[in-house]
Amino acid sequence: MTKYIVHGGKPLFGEVEISGAKNAAVAIIPAAILVDGVCRIENIPQISDVTAILKILEQLGASIRSINRHTVEIDSRHIHTTRTSYELSRKLRASYYLIGALLGRFGRAEVAMPGGCNFGGVRPIDQHVKGFSALGAGVTTEGGYINAIVESGRLTGANIYLDVVSVGATMNIMMAAALAQGDTVIENCAKEPHIVDLANFLNSMGADIRGAGTDTIKIRGVERLSGGSYAIIPDQIEAGTYMVAAAVAATGGQILVKNIIPKHMDCITAKLQECGVEVEEQDDTLLVRRTARLKKANVKTLPYPGFPTDMQPQMTTVLTLAQGTSLVTEGVWSSRYRYVDELKRMGARIQVDDKTAVVEGVEKLTGAPIQAYDLRAGAALVIAALAAEGESEISNVQYIERGYEDIIGKLRALGADIRAVEEPDEDVLSTAQIS
């Protein structure tokens with residue numbers, strides 16, 4: 001087991017290169033199953049979720065060829081099974097995208113119930129099932145697996161209205177419908193940048209998908225997708241995390257965040273500027289600096305283009321050091337405040353009532369032993385540790401490494417005092433029992 005040791009209180013200076021988008025990669029890689037040929041995917045982030053999804057494709061029979069650290073070629077022409085490994089699928093939430101891809105290509109899928117982050121609540125896939133059923137699949141759960149099958153062997157286009165705006169369901173149904181017979185219309189769609197990226201990937205392979213990024217997506221099913229090359233967009237959430245790190249670590253720091261799409265960052269940029277952080281846009285970069293005490297702000301997470309739920313823990317960390325009282329309202333996921341108790345160990349003043357957190361700003365945070373409960377909460381705790389006086393020990397860092405490429409190396413290059421150390425398993429158990 002690994003933990004991070006952080007000595008905080010130092011401003012961050014320098015440049016950071018943003019990796020490919022995790023939320024796009026974990027959908028685009030499964031979507032390669034739909035391609036009857038070789039597809040080359042570039043700008044893939046080096047994170048554990050990507051490693052896991054590539055291993056699943058190999059287990060299914062796909063050929064994976066690494067070109068370099070961020071580029072792979074995937075050949076799915078020799079897939080020999082539609083049943084995924086239970087252990088591999090349980091390691092990540094995005095394994096549910098394998099259902100849409102396998103169902104679309106082969107008319108059947110047997111995928112273990114997804115795992116991933118522990119929010120302490122339920123993240124249902126009922127809208128995914130609704131979409132698959134509308135396209136003609138029978139879906140059941142048995143023995144920890146989601147089983148989907150089309151008796152005729154090929155899905156049929158349909159009109160599908162999502163009861164709630166769901167990123168995962170929008171992307172999964174889009175994949176399933178790409179090779180369906182006839183036309184599919186998905187209404188009340190999510191609009192996140194990685195949805196557009198998935199549609200662009202599929203279209204570059206020969207799909208006919210229109211309207212991604214709007215409320216309504218129209219898909220005309222095609223007979224086959226052929227090979228090609230595609231580069232994944234930069235990661236909006238990784239970029240936002242480093243922007244927050246620049247704002248929180250200490251007064252006087254400055255970070256140039258490189259390889260971003262500024263339009264994707266607007267909602268995060270606006271909220272940081274409201275808090276008194278200076279943000280300058282320069283082509284595909286953002287220069288972020290803080291020269292004074294942070295100001296209070298109210299934040300409500302919403303589907304894109306609203307403030308992203310995946311930035312809620314990081315933004316709450318900013319507000320712990322802001323002058324005055326702020327309100328944070330979670331409008332997307334329930335039970336996403338488990339990290340609050342960890343921030344309290346560091347001196348934060350936060351009270352949570354259902355989906356709302358009342359954050360009373362303090363002068364400083366103090367280092368403490370803390371543990372991550374999920375990916376974005378883990379990133380928030382790293383940021384808090386960078387801002388805190390003294391030493392912090394962060395455990396459960398496997399969650400962080402699910403979505404941040406080389407976070408230790410990137411932060412150290414900015415001047416952070418952070419390192420990863422191995423700890424014996426028995427120490428982990430003792431810490432868990434004490435906490």
Side-chain angles (χ1 to χ4, degrees), residues 24-44 50 53-67 71-85 88-89 94-111 128 131-132 135-137 147-158 170-184 186 194-210 212 217-232:
V26 295
I28 286 173
I29 292 170
I33 291 171
L34 294 161
V35 180
D36 185 19
V38 178
C39 59
R40 181 187 180 107
I41 307 176
E42 302 172 354
N43 202 33
I44 291 179
V50 163
I53 204 80
L54 287 171
K55 284 182 179 177
I56 292 173
L57 260 66
E58 281 190 314
Q59 173 262 330
L60 293 173
S63 298
I64 310 292
R65 179 169 170 253
S66 237
I67 306 302
T71 304
V72 298
E73 284 185 352
I74 303 174
D75 184 349
S76 297
R77 287 176 292 186
H78 304 293
I79 286 179
H80 55 73
T81 179
T82 57
R83 183 178 177 88
T84 66
S85 157
L88 288 175
S89 297
S95 61
Y96 54 39
Y97 291 129
L98 293 159
I99 306 171
L102 289 167
L103 196 56
R105 176 79 183 276
F106 300 106
R108 64 186 304 131
E110 301 164 88
V111 179
H128 304 239
F132 299 147
L135 294 170
N147 302 309
I149 187 167
V150 189
E151 294 297 341
S152 65
R154 187 180 180 188
L155 295 168
T156 304
T170 300
M171 297 172 85
N172 225 346
I173 297 167
M174 189 193 310
M175 280 191 277
L179 294 176
Q181 187 172 9
D183 296 344
T184 298
I186 314 171
H194 40 286
I195 291 173
V196 178
D197 208 33
L198 174 62
N200 289 341
F201 166 77
L202 292 170
N203 284 340
S204 74
M205 301 293 148
D208 186 353
I209 302 172
R210 304 177 187 184
I217 296 176
K218 298 179 180 179
I219 305 161
R220 176 163 293 174
V222 298
E223 290 293 328
R224 68 183 290 270
L225 301 183
S226 55
S229 296
Y230 190 79
I232 292 171

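As the structure is a computational prediction, the values presented were derived from the model and not from experiment.
- Note that the CD1 atom of I28 and the OG atom of S204 stand 8.5 Å from one another [nearest 0.5 Å].
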(message) For L179 and R105: C-alpha separation, side-chain torsions, deciding distance, then whether side chain to side chain contact (heavy atoms under 4.5 Å, CB included) applies.
(response) CA-CA 7 Å; L179 294 176; R105 176 79 183 276; 4.2 Å; yes
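- Side-chain atoms of L57 and L98, non-hydrogen and from C-beta on, do get closer than 4.5 Å to each other.
- Checked against L202 for a side-chain contact (heavy atoms from CB on, under 4.5 Å), the options V222, D208, I209 give a single hit: I209.
- Distance alone, capped at 3.5 Å, places no donor-acceptor pair between the R40 side chain and the G227 backbone.
- Here the CD1 atom belonging to I29 is positioned 7.0 Å from the CD1 atom belonging to I53, to the nearest 0.5 angstrom.
- The line from OG1 of T71 to CD1 of I44 is 7.0 Å long, rounded to the nearest 0.5 Å.
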(message) Checking I33 against I74 for the side chain to side chain contact (heavy atoms under 4.5 Å, CB included) test, could you report, in this order, the C-alpha distance in whole Å, the side-chain angles of both residues, the deciding distance, and whether it holds?
(response) CA-CA 8 Å; I33 291 171; I74 303 174; over 6 Å; no
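- Of the possible polar contacts, none joining the T82 side chain to the L102 backbone as a donor-acceptor pair under 3.5 Å is found.
- Looking at heavy atoms from C-beta onward, I56 lies out of side-chain contact with S85 at the 4.5 angstrom threshold.
- Shown here for S89 and S95, the closest heavy-atom pair between the two residues is O-OG, 3.2 Å.
- How far CE of M171 is from OH of Y97: 4.5 Å, rounded to the nearest 0.5 Å.
- Checking side-chain atoms of Q59 against main-chain N and O of R83 turns up a donor-acceptor pair under 3.5 Å.
- The two residues A31 and L198 have their closest heavy-atom pair at CB-CD1, 3.8 Å.
- A distance of 5.0 Å separates OG1 in T184 from CG in L135, rounded to the nearest 0.5 Å.
- Using the six-membered ring where Trp is involved, H128 and Y96 have ring planes that are tilted, between 30° and 60° apart.
- Counting heavy-atom neighbours within 6.0 Å of R108 CZ, excluding the residue itself, gives a total of 12 or less.
- At a threshold of 4.5 Å between non-hydrogen side-chain atoms, the residues E73 and I67 count as touching.
- Counting non-hydrogen atoms of other residues, nucleotides and ligands closer than 6.0 Å to CZ of R224 gives a total above 12.
- A27 approaches M175 most closely through the heavy-atom pair O-SD, 3.9 Å.
- Residues V35 and S76 have side chains not in contact (no heavy-atom distance under 4.5 Å, counting atoms from C-beta outward).
- Contact between A137 and L103 at its shortest, heavy atoms only, is CB-CD2, 3.7 Å.
- At distances below 3.5 Å, not a single donor-acceptor pair connects side-chain atoms of D197 with backbone N or O atoms of I232.
- You'll find the side chain of M174 reaches within 4.5 Å of the side chain of I217, heavy atoms only.
- Put simply, CG on N147 and CD1 on I99 are 9.5 Å apart, with the number rounded to the nearest 0.5 Å.
- The shortest heavy-atom contact between D36 and R77 is OD1-CG, 3.3 Å.
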